[in-house]
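In what follows, a structure is listed as C-alpha coordinates, so that the remarks can point back to it.
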Amino acid sequence: MARKLTPKQQKFADEYIKSGNAYQAAIEAGYSRNYAKAQSSKLLENVGIKSYIDERMAEIASKRIMDAKEAVELLTRIARGEEKETVISSTPEGVYESQKEADLKTRISAVKEILKRYPGDDKLVKAQIRKAEADADIAEAKARIMNASTDSTEAKVSEYLDKLDDVLGGDSDGN
(Lines give C-alpha, C1' and ligand atoms only; values in the text may rest on other atoms or scores of the structure.)
Protein backbone atom coordinates (compact mmCIF):
# COMPACT_ATOMS: atom_id res chain seq x y z
CA MET A 1 0.00 0.00 0.00
CA ALA A 2 1.43 3.39 -1.03
CA ARG A 3 2.22 5.87 1.72
CA LYS A 4 0.19 9.08 1.62
CA LEU A 5 2.21 12.11 0.57
CA THR A 6 2.21 15.39 2.42
CA PRO A 7 0.78 18.31 0.44
CA LYS A 8 4.31 19.69 0.01
CA GLN A 9 5.62 16.32 -1.31
CA GLN A 10 2.70 16.04 -3.73
CA LYS A 11 3.30 19.61 -4.96
CA PHE A 12 6.99 18.73 -5.43
CA ALA A 13 6.08 15.63 -7.45
CA ASP A 14 3.56 17.54 -9.61
CA GLU A 15 6.07 20.33 -10.28
CA TYR A 16 8.78 17.77 -11.08
CA ILE A 17 6.46 16.10 -13.62
CA LYS A 18 5.91 19.50 -15.27
CA SER A 19 9.52 20.68 -15.36
CA GLY A 20 11.76 17.64 -14.92
CA ASN A 21 13.93 19.83 -12.67
CA ALA A 22 14.05 18.56 -9.05
CA TYR A 23 15.67 21.72 -7.63
CA GLN A 24 13.10 24.05 -9.20
CA ALA A 25 10.23 21.70 -8.28
CA ALA A 26 11.34 21.74 -4.63
CA ILE A 27 11.40 25.54 -4.59
CA GLU A 28 7.95 25.72 -6.26
CA ALA A 29 6.63 23.26 -3.66
CA GLY A 30 7.70 25.56 -0.86
CA TYR A 31 11.03 24.12 0.25
CA SER A 32 13.82 26.59 1.03
CA ARG A 33 16.55 27.15 -1.56
CA ASN A 34 19.16 25.59 0.74
CA TYR A 35 16.99 22.50 1.35
CA ALA A 36 16.16 22.25 -2.36
CA LYS A 37 19.84 22.44 -3.27
CA ALA A 38 20.88 19.79 -0.75
CA GLN A 39 17.87 17.46 -0.70
CA SER A 40 15.95 17.66 -4.02
CA SER A 41 17.62 14.49 -5.36
CA LYS A 42 16.76 12.71 -2.09
CA LEU A 43 13.11 13.70 -2.52
CA LEU A 44 13.12 11.82 -5.85
CA GLU A 45 14.44 8.72 -4.07
CA ASN A 46 11.55 8.77 -1.58
CA VAL A 47 9.50 5.62 -2.30
CA GLY A 48 6.15 7.38 -1.92
CA ILE A 49 7.12 10.30 -4.17
CA LYS A 50 8.73 7.99 -6.75
CA SER A 51 5.63 5.78 -6.80
CA TYR A 52 3.34 8.81 -7.19
CA ILE A 53 5.45 10.20 -10.06
CA ASP A 54 5.50 6.80 -11.82
CA GLU A 55 1.71 6.43 -11.51
CA ARG A 56 1.03 9.95 -12.80
CA MET A 57 3.45 9.52 -15.72
CA ALA A 58 1.75 6.26 -16.74
CA GLU A 59 -1.64 7.99 -16.50
CA ILE A 60 -0.43 10.92 -18.62
CA ALA A 61 1.09 8.59 -21.22
CA SER A 62 -2.09 6.53 -21.56
CA LYS A 63 -4.20 9.68 -22.01
CA ARG A 64 -1.92 11.02 -24.74
CA ILE A 65 -1.83 7.88 -26.89
CA MET A 66 -4.82 7.24 -29.14
CA ASP A 67 -6.33 3.78 -28.87
CA ALA A 68 -7.99 1.85 -31.72
CA LYS A 69 -11.53 2.83 -30.68
CA GLU A 70 -10.61 6.49 -30.62
CA ALA A 71 -8.99 6.21 -34.07
CA VAL A 72 -12.08 4.59 -35.59
CA GLU A 73 -14.30 7.23 -33.93
CA LEU A 74 -12.18 9.98 -35.50
CA LEU A 75 -12.38 8.31 -38.92
CA THR A 76 -16.15 8.03 -38.48
CA ARG A 77 -16.49 11.74 -37.67
CA ILE A 78 -14.40 12.59 -40.75
CA ALA A 79 -16.46 10.27 -42.98
CA ARG A 80 -19.70 11.83 -41.72
CA GLY A 81 -18.40 15.36 -42.22
CA GLU A 82 -18.64 16.10 -38.49
CA GLU A 83 -14.93 16.84 -38.03
CA LYS A 84 -14.06 20.38 -39.12
CA GLU A 85 -10.72 21.77 -40.14
CA THR A 86 -9.55 25.36 -39.92
CA VAL A 87 -8.94 27.13 -43.21
CA ILE A 88 -7.11 30.45 -43.36
CA SER A 89 -7.91 32.69 -46.32
CA SER A 90 -6.09 35.84 -47.30
CA THR A 91 -7.83 38.59 -49.24
CA PRO A 92 -6.98 42.25 -49.88
CA GLU A 93 -9.33 43.13 -47.00
CA GLY A 94 -7.49 40.89 -44.52
CA VAL A 95 -7.00 37.35 -43.27
CA TYR A 96 -10.03 35.20 -42.49
CA GLU A 97 -10.31 31.99 -40.56
CA SER A 98 -13.15 29.57 -41.26
CA GLN A 99 -14.16 26.00 -40.47
CA LYS A 100 -14.97 23.48 -43.17
CA GLU A 101 -15.74 19.79 -43.26
CA ALA A 102 -13.40 17.38 -45.00
CA ASP A 103 -13.61 17.22 -48.78
CA LEU A 104 -15.22 14.23 -50.50
CA LYS A 105 -11.89 12.54 -51.30
CA THR A 106 -10.83 12.68 -47.62
CA ARG A 107 -14.22 11.39 -46.49
CA ILE A 108 -14.03 8.45 -48.91
CA SER A 109 -10.52 7.65 -47.66
CA ALA A 110 -11.85 7.63 -44.09
CA VAL A 111 -14.64 5.23 -45.09
CA LYS A 112 -12.10 2.92 -46.77
CA GLU A 113 -9.95 2.94 -43.63
CA ILE A 114 -12.97 2.00 -41.51
CA LEU A 115 -13.98 -0.79 -43.90
CA LYS A 116 -10.47 -2.25 -43.76
CA ARG A 117 -11.07 -2.88 -40.09
CA TYR A 118 -14.57 -4.33 -40.62
CA PRO A 119 -14.53 -6.33 -43.88
CA GLY A 120 -17.94 -7.91 -43.18
CA ASP A 121 -19.74 -9.07 -46.34
CA ASP A 122 -17.12 -8.02 -48.90
CA LYS A 123 -17.74 -9.67 -52.30
CA LEU A 124 -14.12 -9.19 -53.36
CA VAL A 125 -12.85 -10.99 -50.25
CA LYS A 126 -15.30 -13.84 -50.85
CA ALA A 127 -14.19 -14.16 -54.50
CA GLN A 128 -10.54 -14.20 -53.46
CA ILE A 129 -11.27 -16.95 -50.93
CA ARG A 130 -13.13 -19.03 -53.54
CA LYS A 131 -10.22 -18.64 -55.99
CA ALA A 132 -7.68 -19.65 -53.36
CA GLU A 133 -9.73 -22.72 -52.44
CA ALA A 134 -10.06 -23.71 -56.13
CA ASP A 135 -6.31 -23.28 -56.67
CA ALA A 136 -5.65 -25.48 -53.64
CA ASP A 137 -8.04 -28.17 -54.94
CA ILE A 138 -6.32 -28.18 -58.35
CA ALA A 139 -2.86 -28.44 -56.76
CA GLU A 140 -4.00 -31.37 -54.60
CA ALA A 141 -5.47 -33.13 -57.65
CA LYS A 142 -2.23 -32.65 -59.61
CA ALA A 143 -0.20 -34.07 -56.73
CA ARG A 144 -2.47 -37.12 -56.39
CA ILE A 145 -2.31 -37.84 -60.12
CA MET A 146 1.46 -37.50 -60.31
CA ASN A 147 2.01 -39.65 -57.21
CA ALA A 148 -0.53 -42.35 -58.09
CA SER A 149 0.70 -43.09 -61.60
CA THR A 150 3.75 -45.32 -62.13
CA ASP A 151 3.58 -45.25 -65.94
CA SER A 152 5.84 -43.36 -68.30
CA THR A 153 5.88 -39.55 -68.46
CA GLU A 154 3.71 -39.53 -71.58
CA ALA A 155 1.05 -41.64 -69.87
CA LYS A 156 1.21 -39.41 -66.79
CA VAL A 157 0.67 -36.28 -68.89
CA SER A 158 -2.25 -37.88 -70.73
CA GLU A 159 -3.85 -39.05 -67.50
CA TYR A 160 -3.20 -35.65 -65.96
CA LEU A 161 -4.98 -33.87 -68.83
CA ASP A 162 -7.95 -36.24 -68.58
CA LYS A 163 -8.28 -35.67 -64.83
CA LEU A 164 -7.85 -31.92 -65.27
CA ASP A 165 -10.72 -31.93 -67.77
CA ASP A 166 -12.83 -33.82 -65.24
CA VAL A 167 -12.06 -31.27 -62.52
CA LEU A 168 -12.81 -28.34 -64.84
CA GLY A 169 -16.05 -29.96 -66.00
CA GLY A 170 -15.22 -30.63 -69.66
CA ASP A 171 -13.67 -33.42 -71.69
CA SER A 172 -10.69 -33.55 -74.01
CA ASP A 173 -12.86 -34.29 -77.09
CA GLY A 174 -14.25 -30.76 -76.93
CA ASN A 175 -17.79 -31.90 -75.97
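Only this structure's heavy atoms are used, side chains among them; waters, hydrogens and symmetry mates stay out. Numbers here are sequence positions counted from 1.
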### Summary
dist K8:NZ -> L43:CG (nearest 0.5 Å) comes out at 10.0 Å
### Residues that E85 engages under salt bridge (charged side-chain N to carboxylate O under 4.0 Å, His left out), provided they are two or more places apart
K100
### Query
Checking salt bridge (charged side-chain N to carboxylate O under 4.0 Å, His left out) for the pair K42/E45: CA distance, chi angles, key distance, verdict?
CA-CA 5 Å; K42 294 233 192 270; E45 294 171 7; 5.1 Å; no
### Residues forming a salt bridge (charged side-chain N to carboxylate O under 4.0 Å, His left out) with K50, sequence neighbours excluded
D54
### Task
Tell me, please, which residues at least two apart from A110 pass side-chain contact (heavy atoms from CB on, under 4.5 Å).
L75, I78, A79
### Query
Does D14 pair with K18 as a salt bridge, N-O distance under 4.0 Å?
no
### Message
Suppose the criterion is salt bridge (charged side-chain N to carboxylate O under 4.0 Å, His left out): which pairs have a residue in residues 20-41, not counting sequence neighbours?
### Response
none
### Query
For the residue pair T106 and D103, what are the closest heavy atoms and their distance?
OG1-OD1, 2.6 Å
### Task
Would you please name every residue forming a salt bridge (charged side-chain N to carboxylate O under 4.0 Å, His left out) with K69, sequence neighbours left out?
E73
#### Entry: For T76, all residues meeting side-chain contact (heavy atoms from CB on, under 4.5 Å), sequence neighbours excluded
V72, R80, I114
### Query
Roughly how far, to the nearest 0.5 Å, is CD1 of I17 from OH of Y52?
6.0 Å
### Under the ring-ring contact (aromatic ring centres under 6.0 Å, His included) test, residues paired with Y31 that sit two or more places apart
Y35
### Task
To the nearest 0.5 Å, tell me how far Q39 CD sits from N34 CG.
11.0 Å
### Query
What residues join Y23 in its hydrophobic cluster, counting side-chain heavy atom gaps under 4.5 Å, either direct or through other members?
I27
### Message
So, using side-chain contact (heavy atoms from CB on, under 4.5 Å) as the criterion, who are the partners of E140 when residues are at least two apart?
### Response
R144
#### Entry: Over 12 foreign heavy atoms within 6.0 Å of NZ, K84
yes
### Query
Of all residues at least two apart in sequence or in a different chain, which pass the side-chain contact (heavy atoms from CB on, under 4.5 Å) check with L44?
F12, Y16, A22, I53
### Side-chain cluster (under 4.5 Å, hydrophobic types only) that I108 belongs to, other residues
L104
### Query
Sequence neighbours excluded, which residues qualify as side chain to side chain donor-acceptor pair (under 3.5 Å) partners of T86?
Q99
### Message
Taking E59 first and then R56, would you say they form a salt bridge - that is, a charged N and a carboxylate O separated by under 4.0 Å?
### Response
yes
